[in-house]
Amino acid sequence: MTTSIIIPARYGSSRYRGKPLVKILGREMVLRVADICKKIKNVKVFIATDSKKIANVVEKNGYEYIFTSSACLTGTDRVAEASKKIRSKIYVNVQGDEPTIDPSDIIKVINAKKKFPNHVICGYDKVHDFEKAESLNLPKVVVNSKGELIYISRALVPGTKKKIQNIQYHKQVCIYAFNKKQLEKFYSNKKKRETESIEDIEILRFFDLGEKIKMIKLNSNSVAVDEISDVKKAEKILKKNYKKIKT
């Protein structure tokens with residue numbers, strides 16, 4: 001069963017222009033993500049981008065890129081467009097702003113897709129102490145007893161009218177797995193649906209498309225680089241990981 005990892009990398013991010021090329025401990029972030037993905041056996045790694053700057057850096061460092069349209073609405077739209085040029089059974093979207101992600105978490109998502117081929121697969125984990133649950137950059141998830149996504153929001157969910165202390169919130173970890181049909185279905189919608197537009201969370205589109213989403217619990221202490229201040233957080237985690245390896 002062939003598996004391809006596609007890393008969407010858009011240069012003109014509205015929140016952080018040029019983000020894929022920001023250096024994390026001296027190495028471009030998109031390359032750090034690709035380096036992590038490359039550690040996984042029996043997968044092909046591609047970077048999907050609309051930027052010549054990103055493509056040049058990717059090619060110079062020995063990775064394969066696929067040019068995609070600058071009109072792609074989301075990272076998953078970019079992955080779907082790139083998938084048209086790749087023959088594979090499983091397509092994994094690893095976001096290009098996750099330079100501290102654990103390769104074992106990607107493997108868990110791939111294995112889950114093999115077990116649940118008719119579900120869209122997405123990772124999640126608890127919100128850690130170094131993160132702020134109320135942050136609008138952090139999508140929070142609600143999962144049912146079957147391990148399926150009920151809802152995902154930038155607001156604090158689940159909500160409560162009671163005064164409950166120490167609620168354990170859970171966050172989305174942006175590793176997704178799809179089959180070709182699911183990506184084609186997603187990409188065929190040329191505009192965001194209402195809830196997806198309000199929340200600005202792309203996976204919500206699958207609700208409107210009638211696709212079930214299986215959530216896979218990960219043990220992730222990774223941090224997504226959504227804004228400039230997150231660079232230092234990512235570097236701190238990487239330094240900590242390097243220290244563990246040396247000791």
Side-chain angles (χ1 to χ4, degrees), residues 7-8 13-16 19 22 24 29 32-33 36 74-76 92-112 119-177 195-196 198-207 212-241 243-244:
I7 304 167
S13 171
S14 57
R15 284 184 289 180
Y16 194 164
K19 184 169 68 169
V22 66
I24 309 291
M29 181 161 61
R32 286 204 169 273
V33 177
I36 293 167
T74 68
T76 301
V92 182
N93 176 349
V94 177
Q95 299 288 70
D97 59 1
E98 295 270 0
T100 60
I101 209 153
D102 191 329
S104 66
D105 284 338
I106 302 173
I107 293 170
K108 287 178 185 177
V109 170
I110 293 171
N111 289 338
H119 281 72
V120 170
I121 309 296
C122 183
Y124 80 108
D125 192 16
K126 67 180 181 180
V127 175
H128 294 277
D129 293 338
F130 61 84
E131 298 169 309
K132 294 181 180 180
E134 63 272 19
S135 171
L136 297 179
N137 289 330
L138 196 67
K140 275 70 68 176
V141 303
V142 182
V143 180
N144 67 17
S145 58
K146 295 180 181 179
E148 295 171 347
L149 183 65
I150 298 174
Y151 192 61
I152 179 170
S153 178
R154 296 186 183 278
L156 284 174
V157 291
T160 177
K161 63 181 179 180
K162 299 177 182 179
K163 291 184 178 180
I164 300 176
Q165 299 294 323
N166 301 320
I167 296 176
Q168 181 60 73
Y169 293 102
H170 291 86
K171 64 174 182 176
Q172 178 191 34
V173 178
C174 292
I175 311 171
Y176 315 97
T195 309
E196 179 190 0
I198 293 170
E199 291 276 13
D200 192 23
I201 301 175
E202 62 211 66
I203 201 169
L204 283 166
R205 195 182 309 178
F206 284 110
F207 283 156
K212 289 188 176 182
I213 303 164
K214 177 72 73 173
M215 301 299 293
I216 304 303
K217 182 69 168 62
L218 306 176
N219 295 308
S220 172
N221 68 347
S222 67
V223 59
V225 178
D226 292 306
E227 50 193 34
I228 295 173
S229 61
D230 293 327
V231 171
K232 289 185 178 180
K233 294 178 186 176
E235 290 183 332
K236 186 177 180 180
I237 290 172
L238 286 174
K239 286 177 181 177
K240 187 177 180 180
N241 290 342
K243 191 174 181 181
K244 284 181 180 178

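Values reported hereafter were calculated over all heavy atoms of this structure, with side chains retained and with hydrogens, waters and symmetry mates removed. What you see is a predicted model, and the numbers here were worked out from it, not measured in a lab.
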Pairwise distance [atom1]([X]) to [atom2]([Y]) - rounded to 0.5 angstrom:
| X | Y | atom1 | atom2 | answer |
| --- | --- | --- | --- | --- |
| K108 | N219 | NZ | CG | 4.5 Å |
| E235 | K233 | CD | NZ | 13.0 Å |
| T100 | K239 | OG1 | NZ | 14.0 Å |
| D105 | I110 | CG | CD1 | 11.0 Å |
| I152 | I201 | CD1 | CD1 | 4.5 Å |

Any heavy-atom pair between the side chains of [Y] and [X] that's under 4.5 Å?
| X | Y | value |
| --- | --- | --- |
| V143 | I150 | no |
| I106 | I36 | yes |
| R205 | T74 | yes |
| C122 | I175 | no |
| L218 | Y124 | no |
| Y176 | I203 | yes |
| I101 | V33 | no |
| L138 | K132 | no |

Next on the checklist: Walk me through whether E202 and E196 qualify under side chain to side chain contact (heavy atoms under 4.5 Å, CB included).
Outcome noted: CA-CA 6 Å; E202 62 211 66; E196 179 190 0; 4.0 Å; yes
Checklist entry - Can you check side chain to side chain contact (heavy atoms under 4.5 Å, CB included) on V109 and V173, steps first, answer last? => result CA-CA 11 Å; V109 170; V173 178; over 6 Å; no
Give a yes or no on whether the backbone of [Y] and the side-chain of [X] come within a donor-acceptor separation of less than 3.5 Å.
| X | Y | value |
| --- | --- | --- |
| K212 | F207 | no |
| D230 | E227 | yes |
| K140 | P158 | no |
| E98 | Q95 | no |
| R32 | I24 | yes |
| R154 | D200 | yes |

Item to check | Within 6.0 angstrom of K126 NZ, more than 12 heavy atoms from elsewhere | outcome: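 12 or below, so no.
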Item to check | Greater than 12 external heavy atoms within 6.0 Å of N144's CG | outcome: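 Yes, the 6.0 Å shell around CG holds more than 12 heavy atoms from other groups.
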Next on the checklist: Testing the basics here: between L156 and A133, what is the closest heavy-atom pair and its distance to 0.1 Å?
Outcome noted: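 Reported closest heavy-atom pair: CD2-O, 3.4 Å.
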Checklist entry - Which atom pair, heavy atoms only, marks the closest approach of P99 to L238? => result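 The pair with the smallest heavy-atom distance is O-CD2, 3.9 Å.
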Item to check | D125 and K171 ion-paired at < 4.0 Å | outcome: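 Result for this pair is no, no salt bridge flagged.
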Next on the checklist: For E148 and H119: C-alpha separation, side-chain torsions, deciding distance, then whether side chain to side chain contact (heavy atoms under 4.5 Å, CB included) applies.
Outcome noted: CA-CA 9 Å; E148 295 171 347; H119 281 72; 3.3 Å; yes
Item to check | Check against side chain to side chain contact (heavy atoms under 4.5 Å, CB included), I216 and K214 | outcome: CA-CA 7 Å; I216 304 303; K214 177 72 73 173; 3.8 Å; yes
Checklist entry - If you measure only the distance, is there a donor-acceptor pair under 3.5 Å linking the side chains of Y151 and E199? => result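 A donor-acceptor contact under 3.5 Å links the two side chains.
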